[in-house]
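The structure under discussion appears below in the form of structure tokens.
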Amino acid sequence: MTKIIKVQKGTKDILPEDISLWQFMESTALDVFTRAGYKEIRTPIFEATELFQRGVGDTTDIVNKEMYTFEKSERSLTLRPENTAGVVRSYIENGMHRLSAPVKLWYKGPMFRYERPQAGRQRQFHQVGVEMFGVKEPAADAEVILLAIDFLKNLGLPNLSVEINTLGCSECRKKFRALLIETLRPYYDALCDDCKERFEKNPLRLLDCKVESCKEIFAKPEIQQVIQSDFTCPDCSIHFENLKSYLDALGIVYKVNKQLVRGLDYYNRTVFEIKSENLGSQNAVCGGGRYDTLVSNLGGEPTPAIGWAMGMERLASLLENKFDDKLDIYVVSDNKTETLKLVQRFRSLNYSVDFDMAGKKFTKQLEKAAKTAYFAIILGDDEINGEYLTLKNLETAKQIQVPFANIDDFEKHMYKFIRTNSSEWMQSKLSMLASGFTIS
RNA sequence: GCGCCUGUCGUCAAGUGGUUAAGACCUCGGAUUGUGGUUCCGAUAUACAUGGGUUCGAAUCCCAUCGGGCGCCCCA
């Protein structure tokens, strides 16, 4: 037996039966982001490995153990694990700092991370995201968060919980880090192995630990005091306070989560996450934040920036596939020549039309029509001889005869009529139209 | 990388040591040579993941391998 090749672990086909949902997400993204003045950018799926090492940060798990890296012609290349680094690279390379600020970009596409797949996590997954360059003021933070919520609303997900936090600037963080290390040092031996490592490399990430024993330590009053303390400098505080007041004014409900630390090294000041309770343990739909130093770290002019990304598979699992893919019309006929001519004509008028090519019997054709279309056009010998076609509403079983001579007129009326999904509306339109024709 | 669960037709799914391994859906055909989605009949499929072992006998018990799922870590 010939071996069947299967999809690779952590990858999935997006099948025709689900594609409407994906097209809906994509068209909604285009619509919402365009309205907010964002332009789409498409960057390559692989980049120089160094881009991610410097961009995402080489202390991160993403770079340390999750990248698909390969060598080709003595270059080290990596399948993008996220797209901010790529967009920033393109921003710098194409001199976009000379464009009038802000530069607002959005993207969608596949990302790759080598991880154990589980609910809400694949090795190839899709993100849609936005990046805004050139505005350091908190109004940008508010706009970007508003945009995320606006997008989710347009998808039909209005009530997800928003969490925000501020990481402060590098100065603030230095202070905080020192204080945290100092306070935590007595408990060092009790920390889990991961935390011991974080303790040295990236103490901020300690707060993310989910090991119970570590959580208990972090719950201690003196440590909570440090975590909850306001370590931000006046500028960062004002920035965060302004953001909160904007969000309040927008009526956006959020929670300040002091323990929210994004796992990518480039974030500063504002970070945020949008979560759902219906996703299993991978509950973040959206994550993002401000990254004011990334552009200069990658060799560009110092440019403040902020953005977020959403996982499209996670969005899809929250969305119900309520889209039906029915055709407008299925032509039932034994006369292929006339059928083809009719199909051509109706398709050119923007109807979706299909027909039988295999020479199946009338009843089978009609059965197929009933399964796949709203309307059947019946074109038999009687019709052809009498120079009319029979239009059958497959929901109501009503049919009307339309003389060929009237087809132009019919098409004009039928366009809206057929495009709607409301069967009541269809019926009323049908009877209206039928007044000019014979009902059989 | 570590834990737990799980592999029977395209899909869902009975079967827990002896069965011709059910059934349903899907697909196709017929009843119905011009009226469907209801009904009835029929057809199609190399279905027990693979390799060992235990046993007179294994889809069923054991081991390994490989898939799938979930959780930890991390993230979208």
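Just so it is clear: chains get the letters A, B, ... in the order the sequence lines come, proteins before strands, and each one is counted from 1.
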State whether [X] and [Y] are salt-bridged, where the test is any N-O pair (Lys NZ or Arg NE/NH1/NH2 against Asp/Glu carboxylate O) under 4.0 Å.
{"X": "A:Arg80", "Y": "A:Glu47", "result": "no"}
{"X": "A:Asp334", "Y": "A:Lys361", "result": "no"}
{"X": "A:Glu115", "Y": "A:Lys65", "result": "no"}
{"X": "A:Arg42", "Y": "A:Glu40", "result": "yes"}

Let's test this: given Watson-Crick or G-U wobble pairing with both distances under 3.5 Å, identify the partner of [N].
{"N": "B:rG51", "answer": "B:rC63"}
{"N": "B:rG1", "answer": "B:rC72"}
{"N": "B:rA24", "answer": "B:rU11"}

Among [options], which nucleotide has an atom closest to any side-chain atom of [X]?
{"X": "A:Ala370", "options": "B:rG30, B:rG36, B:rC72", "value": "B:rG36"}
{"X": "A:Thr363", "options": "B:rA76, B:rU32, B:rG67", "value": "B:rU32"}
{"X": "A:Ala119", "options": "B:rA31, B:rC73, B:rG71", "value": "B:rG71"}
{"X": "A:Glu383", "options": "B:rA31, B:rA76, B:rG34", "value": "B:rG34"}
{"X": "A:Ile62", "options": "B:rG29, B:rC75, B:rG34", "value": "B:rC75"}
{"X": "A:Arg116", "options": "B:rG36, B:rG29, B:rG3", "value": "B:rG3"}
{"X": "A:Ala309", "options": "B:rG67, B:rA76, B:rG34", "value": "B:rA76"}

Can you check the [X] [atom1] to [N] [atom2] distance for me, whole Å?
{"X": "A:Tyr388", "N": "B:rG34", "atom1": "OH", "atom2": "P", "result": "14 Å"}
{"X": "A:Met67", "N": "B:rC75", "atom1": "CE", "atom2": "C1'", "result": "15 Å"}
{"X": "A:Leu391", "N": "B:rU35", "atom1": "CG", "atom2": "C1'", "result": "14 Å"}
{"X": "A:Ile274", "N": "B:rC75", "atom1": "CD1", "atom2": "P", "result": "17 Å"}
{"X": "A:Arg123", "N": "B:rG69", "atom1": "CZ", "atom2": "C1'", "result": "14 Å"}
{"X": "A:Asp61", "N": "B:rG1", "atom1": "CG", "atom2": "P", "result": "15 Å"}
{"X": "A:Lys361", "N": "B:rG29", "atom1": "NZ", "atom2": "P", "result": "9 Å"}
{"X": "A:Met25", "N": "B:rA76", "atom1": "CE", "atom2": "C1'", "result": "12 Å"}

Compare side-chain N and O positions of [X] against OP1 and OP2 of [N] and report whether any pair is under 4.0 Å apart.
{"X": "A:Lys9", "N": "B:rG68", "value": "yes"}
{"X": "A:Ser281", "N": "B:rC72", "value": "yes"}
{"X": "A:Gln118", "N": "B:rG71", "value": "yes"}

Check the angle between the aromatic planes of A:His126 and A:Trp22 and answer parallel, tilted or perpendicular using the 30° and 60° thresholds. perpendicular
Should A:Lys104 and A:Glu143 be marked as a salt bridge (Lys or Arg N to Asp or Glu O under 4.0 Å) after you check the CA-CA gap, both sets of side-chain angles, and the distance that decides it? CA-CA 11 Å; A:Lys104 297 165 139 194; A:Glu143 200 249 35; 2.6 Å; yes
Within 45° of the axis and under 6.0 Å from the centre of the six-membered ring of A:Tyr114, does NZ or CZ of A:Arg123 qualify?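 Verdict for A:Tyr114: a cation-pi partner in A:Arg123.
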Classify A:Lys360 by what it touches in the nucleic acid, base, sugar-phosphate, or nothing, heavy-atom distance under 4.0 Å.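 If one applies the 4.0 Å heavy-atom cut-off, A:Lys360 turns out to touch the sugar-phosphate alone, with no base involved.
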Could you check whether A:Gln124 and A:Thr11, counting side-chain N and O atoms only, form a donor-acceptor pair closer than 3.5 Å?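 Judged by distance alone, the side chains do not pair up.
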Donor on one side chain, acceptor on other, A:Ser333 and A:Thr339, under 3.5 Å: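 Side-chain D/A pair, A:Ser333 to A:Thr339: present.
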Given the C1' atoms of B:rG42 and B:rC5, what is the spacing between them in whole Å? 41 Å
Considering only the P atoms, how many Å lie between B:rC73 and B:rG67, rounded to the nearest integer? 25 Å
Check nucleotides 5-11 of chain B for protein N or O atoms closer than 3.5 Å to its own N or O atoms and list the pairs.
none

If you assign A:Glu82 and A:Lys6 each to the RNA chain B nucleotide with the nearest heavy atom, which residue ends up on the more 5' nucleotide?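 The residue mapped nearer the 5' terminus is A:Lys6.
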